[in-house]
K.L.:
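Next up is a structure, given as structure tokens.
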Amino acid sequence: DDHTLYRTSKDKLNLQPWLGDVRVAGLASFEPGIMLVSDADRNVIWYKGLFGESRLFLSSAEAARPGAMVALRDGSFAVLRPASRLLFFFNRSGVVTRSVSLPAACDLLAANEQGTLCMGVRGKPQVWVLEAGKMTGYSLPDSVSPLSFAVVGNRLVVLDAGTTLGVYRIAE
């Protein structure tokens with residue numbers, strides 16, 4: 001729900017609260033059994049273990065207003081900061097390594113296995129692709145109103161507000 005992150009226990013096969021009093025803006029797998037959770041209410045990123053342990057991973061000083069988040073193949077992470085129109089990267093030690101200015105206040109983020117990042121604005125048919133340090137903008141058909149998306153290989157899969165999935169080739 002809006003303020004609790006749940007997980008399914010293997011022994012009971014039902015949902016159990018995992019992290020409470022949080023507004024999840026993004027999730028990324030840290031390692032098996034551990035997730036990073038960006039909290040839009042507290043403006044921090046939490047390190048959340050399988051057995052209930054939690055600790056602050058990045059504070060609001062390093063990660064002010066974190067949003068959508070992805071794990072990258074090199075073991076680092078990327079997080080959107082919609083309010084400041086930034087995409088920032090940090091490593092497994094919690095050190096912010098770089099940031100990139102964005103052309104819009106993006107709130108959608110996805111990455112593929114090769115490290116290509118796709119960003120967009122919910123409800124708007126625009127996508128920006130960051131690949132090998134180069135940012136390129138693309139337009140989707142005007143009828144597309146993205147709710148979410150994923151990148152699979154060189155394809156962008158868009159969940160449209162019309163509850164349809166569209167698949168678009170990312171230019172190479």
Side-chain angles (χ1 to χ4, degrees), residues 1-7 15 17-124 126-131 133-137 145-152 156-159 161:
D1 62 22
D2 288 342
H3 293 285
T4 305
L5 180 62
Y6 294 90
R7 71 179 181 101
L15 289 177
W18 194 33
L19 184 61
D21 196 23
V22 62
R23 186 163 65 89
V24 176
L27 295 168
S29 177
F30 189 79
E31 58 188 41
I34 298 173
M35 297 290 294
L36 294 180
V37 180
S38 58
D39 182 343
D41 282 345
R42 293 191 185 111
N43 298 318
V44 299
I45 296 177
W46 298 102
Y47 173 98
K48 184 65 180 161
L50 180 66
F51 299 107
E53 68 277 8
S54 294
R55 69 174 166 84
L56 186 66
F57 191 77
L58 285 177
S59 71
S60 59
E62 294 96 5
R65 302 195 181 269
M69 178 171 36
V70 293
L72 302 172
R73 71 177 179 169
D74 65 359
S76 65
F77 303 89
V79 178
L80 289 173
R81 286 177 49 189
S84 59
R85 297 170 64 160
L86 279 177
L87 171 70
F88 71 94
F89 299 83
F90 61 95
N91 62 25
R92 296 177 74 75
S93 298
V95 175
V96 175
T97 56
R98 69 183 172 114
S99 63
V100 175
S101 294
L102 300 174
C106 297
D107 55 0
L108 299 175
L109 177 64
N112 67 7
E113 313 80 40
Q114 292 76 34
T116 300
L117 293 170
C118 291
M119 292 143 290
V121 179
R122 191 170 310 214
K124 296 193 178 179
Q126 299 150 339
V127 176
W128 292 273
V129 177
L130 180 61
E131 187 171 31
K134 181 181 175 194
M135 181 84 67
T136 308
S145 181
L147 289 178
S148 184
F149 54 64
V151 182
V152 181
L156 177 67
V157 181
V158 178
L159 174 62

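The model shown is predicted, which means the values in this text are computed figures rather than measured ones.
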K.L.:
Give the table of side-chain donor-acceptor pairs shorter than 3.5 Å for residues 95-107, with sequence neighbours excluded, one pair per line with atom names and distance.
P.N.:
{"from": "Thr97", "atom 1": "OG1", "to": "Phe89", "atom 2": "O", "distance (Å)": "3.4"}
{"from": "Asp107", "atom 1": "OD1", "to": "Arg122", "atom 2": "N", "distance (Å)": "2.7"}

K.L.:
Drop me the distance from Phe88's CZ to Leu80's CG, to the nearest 0.5 angstrom.
P.N.:
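Answer rounded to 0.5 Å: 9.0 Å.
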K.L.:
Just verifying a value: how many Å separate Leu56 CG and Glu62 CD, rounded to the nearest 0.5 Å?
P.N.:
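CD of Glu62 is found 8.0 Å from CG of Leu56.
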K.L.:
Please tell me if the side chains of Leu156 and Val129 come closer than 4.5 Å, counting only heavy atoms from C-beta onward.
P.N.:
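Side-chain contact under 4.5 Å: no.
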K.L.:
Do any pairs count as a ring-ring contact (aromatic ring centres under 6.0 Å, His included) and have a residue in residues 21-41, sequence neighbours left out, and if so which ones?
P.N.:
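Applying ring-ring contact (aromatic ring centres under 6.0 Å, His included) to every pair that reaches into residues 21-41, excluding sequence neighbours, yields Phe30-Tyr47, Phe30-Phe57, Phe30-Phe77.
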K.L.:
Taking all non-hydrogen atoms of both residues into account, name the closest pair between Val70 and Ala111 and its distance.
P.N.:
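Closest approach of Val70 to Ala111, heavy atoms only: CG2-CB, 4.0 Å.
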K.L.:
Considering non-hydrogen atoms only, spot the tightest contact between Ser29 and Ala71 and give its length.
P.N.:
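Looking at all heavy atoms of both residues, the closest pair is O-CB, 3.7 Å.
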K.L.:
Got a second to check how far Trp128's CH2 is from Cys118's SG, nearest 0.5 Å?
P.N.:
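Reported to 0.5 Å precision, the distance equals 11.5 Å.
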K.L.:
About how many Å separate CG of Leu27 and CH2 of Trp46, when rounded to the nearest 0.5 Å?
P.N.:
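Going from the CH2 atom of Trp46 to the CG atom of Leu27 covers 14.5 Å.
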K.L.:
When rounded to the nearest 0.5 angstrom, what is the spacing between CE in Met35 and CE in Met69?
P.N.:
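Atom-to-atom, Met35:CE and Met69:CE are 7.5 Å apart.
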K.L.:
Do Leu58 and Pro66 have side chains that get closer than 4.5 Å, going by heavy atoms?
P.N.:
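Side chain of Leu58 against side chain of Pro66, heavy atoms only: no contact under 4.5 Å found.
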K.L.:
Identify the heavy atoms of Arg65 and Asn43 that sit nearest to each other, and give their distance.
P.N.:
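The pair with the smallest heavy-atom distance is CA-OD1, 3.4 Å.
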K.L.:
What's the shortest heavy-atom distance between Asn112 and Val151, and which atoms?
P.N.:
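Scanning both residues, the minimum pair turns out to be CB-CG1, 3.4 Å.
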K.L.:
Can you give me the closest heavy-atom contact between Ala150 and Ala110, atom names plus distance?
P.N.:
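Nearest pair, atom of Ala150 first, then Ala110: CA-CB, 3.8 Å.
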K.L.:
Would you confirm whether Thr116, through its side chain, and Glu131, through its main-chain N or O, come within 3.5 Å as a donor-acceptor pair?
P.N.:
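Checked: no pair found.
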K.L.:
I'd like to check the salt bridge (charged side-chain N to carboxylate O under 4.0 Å, His left out) partners of Glu113; sequence neighbours left out, ordered by chain and number.
P.N.:
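Scan of Glu113 (salt bridge (charged side-chain N to carboxylate O under 4.0 Å, His left out), adjacent residues dropped) gives none.
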K.L.:
Quick one: closest heavy-atom pair of Ser60 and Val44, and the distance?
P.N.:
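Looking at all heavy atoms of both residues, the shortest contact is N-CG1, 3.8 Å.
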